[in-house]
Visitor: 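My questions will all concern the structure given below.
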Number of protein chains: 4
Amino acid sequence: MNQTQAGHGTDEAKSKRQQILKAAYDVFSRKGYYRATVDEIIALADTGKGTVYNYFTNKEQLFCTLVQERGEPFAIALADTISSELLPMEKFKKIIKLILVLYIEDADLWRVLIHEVRGLGEDNHSNLSQETVMKYQDGFQHIIDNVEAVLKEGVDKAVFRPMNTTHVAYCLFSIILTMVYQKFIEDDIEITVHNIAEFVLRGITT
Amino acid sequence: MNQTQAGHGTDEAKSKRQQILKAAYDVFSRKGYYRATVDEIIALADTGKGTVYNYFTNKEQLFCTLVQERGEPFAIALADTISSELLPMEKFKKIIKLILVLYIEDADLWRVLIHEVRGLGEDNHSNLSQETVMKYQDGFQHIIDNVEAVLKEGVDKAVFRPMNTTHVAYCLFSIILTMVYQKFIEDDIEITVHNIAEFVLRGITT
Amino acid sequence: MNQTQAGHGTDEAKSKRQQILKAAYDVFSRKGYYRATVDEIIALADTGKGTVYNYFTNKEQLFCTLVQERGEPFAIALADTISSELLPMEKFKKIIKLILVLYIEDADLWRVLIHEVRGLGEDNHSNLSQETVMKYQDGFQHIIDNVEAVLKEGVDKAVFRPMNTTHVAYCLFSIILTMVYQKFIEDDIEITVHNIAEFVLRGITT
Amino acid sequence: MNQTQAGHGTDEAKSKRQQILKAAYDVFSRKGYYRATVDEIIALADTGKGTVYNYFTNKEQLFCTLVQERGEPFAIALADTISSELLPMEKFKKIIKLILVLYIEDADLWRVLIHEVRGLGEDNHSNLSQETVMKYQDGFQHIIDNVEAVLKEGVDKAVFRPMNTTHVAYCLFSIILTMVYQKFIEDDIEITVHNIAEFVLRGITT
DNA sequence: CATGAATGAGTATTCATTCAT
DNA sequence: GATGAATGAATACTCATTCAT
């Protein structure tokens with residue numbers, strides 16, 4: 001609200017939406033979805049309450065926009081990898097790396113998303129609408145399905161031994177998340193990728 | 001509410017507290033911590049709102065009491081196992097089983113607890129107080145520390161190959177949780193225990 | 001909040017709800033439904049915001065309770081009159097009087113209700129829910145239907161000349177409302193009843 | 001928005017204002033004053049929000065302009081009729097017809113206007129400013145005054161029997177509105193005019 | 001003149017907690 | 001000890017209006 005007096009400059013014009021998204025990212029990441037208040041977001045974005053509702057229909061849609069924006073590149077990269085002609089083992093490692101990279105960037109946002117989307121009982125624990133929750137659950141499911149597809153391919157080609165691919169896919173996914181959330185990532189990501197792959201491939205036995 | 005007129009009997013007095021805990025278990029499990037309301041709990045417990053606050057200082061402490069009560073037996077069993085003279089491999093499998101059994105019983109309650117305690121950013125995502133969150137994180141940490149101890153013992157005795165025991169302990173824990181939350185548990189738990197152990201020990205390579 | 005320090009006396013206990021209803025009557029009558037704010041109601045009722053929501057599920061239901069309470073006696077009296085064995089002309093006058101009396105008491109409340117329920121275009125102009133609007137429209141319809149029934153009876157018995165009873169019933173109703181809203185009511189209601197009846201029965205021609 | 005680039009041509013300039021008025025008519029009629037939003041009006045008018053405020057000082061004045069525009073012809077016709085040399089009975093019927101025609105055209109707009117202007121308590125129920133409300137109440141008053149004048153003339157000439165002309169004028173007006181709002185109008189308006197006149201003149205007695 | 005991004009005052013509703021009886 | 005009426009802080013969202021371009 002300082003520079004161009006009322007922020008109508010073309011720079012700022014585009015920036016308002018960005019300011020809000022940036023502030024929202026910040027607040028959602030720190031506070032989680034429910035405890036993030038629109039008031040705090042606008043304070044940080046240095047904007048009026050109405051402005052938020054000009055760009056986003058409601059708090060939920062603001063959050064979803066954030067998720068969409070940050071998740072898009074990953075979705076594309078994953079699709080590319082899946083459809084590539086790599087060998088199972090190579091694909092396997094590449095997917096691990098992709099997921100790792102995705103979750104390392106914007107770690108806090110994904111943490112919050114997963115927090116909201118995770119483990120539902122009969123009712124909806126989440127503060128997000130049932131609809132939204134299901135949408136993102138499907139998103140995660142899709143990733144896991146792809147992991148499973150790679151595992152199956154490996155089993156078919158006898159690179160991996162027979163297993164319950166569904167179980168292993170979920171476990172692999174949870175292992176990756178654990179590594180990220182516990183901040184077990186090495187500076188050189190390749191090392192972490194290697195460690196995870198090694199663990200999953202060979203286990204811990206001598 | 002008839003016999004002893006206002007619940008002055010020791011039976012009823014104790015039972016009031018139990019009724020509340022039972023109802024709280026039910027509601028927390030179904031709704032999660034945040035969406036569980038004291039109103040719903042007292043409706044189910046068939047008691048007055050004030051009564052809850054006679055036995056428990058607040059909603060959070062009610063939840064914590066529940067967690068304490070249901071977690072106690074496990075903590076004891078775990079300690080016993082750790083200090084037992086079993087061989088590393090046996091200990092390893094027994095711990096997997098212990099954790100599995102714990103989380104299968106009261107699955108929803110643990111789901112909720114983990115939901116609240118999981119991966120915090122700088123601020124506290126949770127609806128629980130920072131203090132409480134840390135307490136339960138320590139609780140989980142303690143379990144994981146014990147798992148790690150077993151792993152170390154195995155490495156020392158060359159039953160397991162050298163590894164980052166911390167990482168593996170966390171991963172093992174997350175794998176177990178995943179199996180439970182995804183309801184991948186076989187009717188015969190031993191099978192699941194075997195599968196997890198096999199996966200962690202030998203990986204997926206042929 | 002003065003007398004018994006915190007208003008928990010049995011007198012006051014019952015009175016809280018009444019205080020709120022009284023205040024709501026006041027504010028709704030003066031401001032209309034939309035412009036009446038819960039804040040103003042609680043200020044007048046000298047109560048907390050939560051208290052209102054203990055007794056009434058929302059602003060609309062508070063308003064409806066008011067309408068119900070004040071309208072009940074009339075509905076009963078009307079039903080009695082309709083089913084009575086009076087001659088058409090007597091019934092006719094008695095109904096006029098009943099409606100007049102109803103609308104004179106609580107004139108402002110009915111004014112507001114009619115304001116909300118009146119003349120809808122395609123959409124719902126009202127601030128009340130569609131459901132509620134229809135409920136009260138039905139209520140008014142019911143009154144008019146009864147008026148019409150009396151007219152029909154009169155026509156059958158050749159006391160009244162043939163007419164479109166529906167049109168006349170509506171017109172009679174609107175005439176009564178007009179008299180009330182314009183405060184054309186004489187101190188002795190009988191005079192007003194007589195005037196209306198005379199006008200409707202004989203018209204204005206010499 | 002193409003030809004004269006920014007609407008500088010007198011054609012377009014005038015048309016912008018007309019577009020807005022047309023759209024406003026539409027939205028006000030469908031939604032009522034309160035629920036009509038400027039946003040919806042500009043969407044329909046295919047214009048910018050600022051433009052509305054170039055031509056009209058605010059939402060209220062936009063509404064008033066609309067009312068003015070549509071009411072003008074009627075006011076003139078009414079004045080003509082009043083000052084004409086017709087016999088009381090003819091004048092009486094002509095006025096009924098005039099009012100009927102006025103309210104049939106733009107029925108929804110008048111419905112909305114009356115909705116806002118009707119029966120005020122101590123405070124202003126309306127969403128319009130007290131000032132505006134009074135202005136239009138005066139407008140209606142003026143019509144009624146004219147009706148009353150005709151009635152008085154009839155009484156003086158002994159065509160009508162003695163009566164409270166004020167009361168009857170109001171009642172006649174409310175009867176006409178009722179016929180319009182209940183859509184009791186026959187295809188041939190003359191029939192409705194005749195019915196109303198007959199009812200008011202002769203009443204319903206045999 | 002036309003535009004539309006920015007604004008913020010105004011409001012209904014929820015729910016944990018208290019405390020007099 | 002048991003009760004439940006009373007409470008109010010906290011929060012998302014709407015929409016008329018302004019003003020720099």
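All values below were derived from every heavy atom in this structure, side-chain atoms included, with hydrogens, water molecules and symmetry-related copies excluded. This one's a predicted model, so the numbers in the text were calculated from it and none came from an experiment.
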Visitor: For DNA chain E, what string of dots and brackets results from 5' to 3' when Watson-Crick and G-U pairs need both distances under 3.5 Å, crossing pairs get [ ], and pairs with another strand get |?
Guide: .||||||||||||||||||||
Visitor: When only distance counts, do a donor and an acceptor, one from the side chain of C:Asn54 and one from the base of F:dA6, lie under 3.5 Å apart?
Guide: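 Yes.
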Visitor: For F:dA6, does either OP1 or OP2 sit under 4.0 Å from a side-chain N or O belonging to C:Thr47?
Guide: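 Checking C:Thr47 against F:dA6: no side-chain N or O falls below 4.0 Å of OP1 or OP2.
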Visitor: Check the phosphate of F:dT3 against B:Thr51, side-chain N and O only, distance under 4.0 Å to OP1 or OP2. Yes or no?
Guide: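 Yes, because at least one side-chain N or O of B:Thr51 sits under 4.0 Å from OP1 or OP2 of F:dT3.
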Visitor: Sorted by first residue and then second, give each ring-ring contact (aromatic ring centres under 6.0 Å, His included) pair with at least one member in residues 30-50 of chain A; sequence neighbours left out.
Guide: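 Listed by first then second residue: A:Phe28-A:Tyr33, A:Tyr33-A:Phe63, A:Tyr34-B:Tyr34.
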Visitor: With sequence neighbours left out, what residues match A:Lys49 under salt bridge (charged side-chain N to carboxylate O under 4.0 Å, His left out)?
Guide: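 Listed in chain order: A:Asp39.
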Visitor: By side chain to side chain contact (heavy atoms under 4.5 Å, CB included), which residues pair with B:Glu69, not counting sequence neighbours?
Guide: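 B:Glu69 satisfies side chain to side chain contact (heavy atoms under 4.5 Å, CB included) with B:Arg17, B:Gln18, B:Leu21 only.
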Visitor: Among B:Glu40, B:Arg35, B:Lys22, find the one that has a side-chain contact (heavy atoms from CB on, under 4.5 Å) with B:Val27.
Guide: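 Only match with B:Val27 under side-chain contact (heavy atoms from CB on, under 4.5 Å): B:Glu40.
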Visitor: Looking at every strand, decide which applies to D:Ala36 at a 4.0 Å heavy-atom threshold: base, sugar-phosphate, or nothing.
Guide: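 It contacts sugar-phosphate atoms only.
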Visitor: Just jot down the side chain to side chain contact (heavy atoms under 4.5 Å, CB included) partners of D:Tyr136, sequence neighbours excluded, or say none.
Guide: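 By the side chain to side chain contact (heavy atoms under 4.5 Å, CB included) rule, D:Tyr136 matches D:Cys64, D:Val67, D:Gln68, D:Leu113, D:Val117, D:Thr132.
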Visitor: Would you say B:Tyr53 places a side-chain N or O within less than 4.0 Å of OP1 or OP2 belonging to E:dT17?
Guide: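 For E:dT17, OP1 or OP2 has a side-chain N or O of B:Tyr53 closer than 4.0 Å.
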Visitor: Which parts of residues 59-68 of chain A get close to DNA chain E, meaning a heavy atom less than 4.0 angstrom away?
Guide: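 Contacts with DNA chain E under 4.0 Å: none.
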Visitor: Check whether any side-chain nitrogen or oxygen of B:Tyr55 sits under 4.0 Å from OP1 or OP2 of F:dA2, and answer yes or no.
Guide: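 For F:dA2, OP1 or OP2 has a side-chain N or O of B:Tyr55 closer than 4.0 Å.
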Visitor: Mapping B:Tyr34 and C:Tyr34 onto DNA chain E by nearest heavy atom, which one lands closer to the 5' end?
Guide: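 Closest to the 5' end, via its nearest nucleotide, is C:Tyr34.
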Visitor: What is the nucleic acid contact for C:Thr37, judged by heavy atoms within less than 4.0 Å: base, sugar-phosphate only, or nothing?
Guide: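 If one applies the 4.0 Å heavy-atom cut-off, C:Thr37 turns out to touch the sugar-phosphate alone, with no base involved.
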Visitor: Please state whether the phosphate of E:dA6, meaning OP1 or OP2, lies under 4.0 angstrom from any side-chain nitrogen or oxygen of D:Lys49.
Guide: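 Checking D:Lys49 against E:dA6: no side-chain N or O falls below 4.0 Å of OP1 or OP2.
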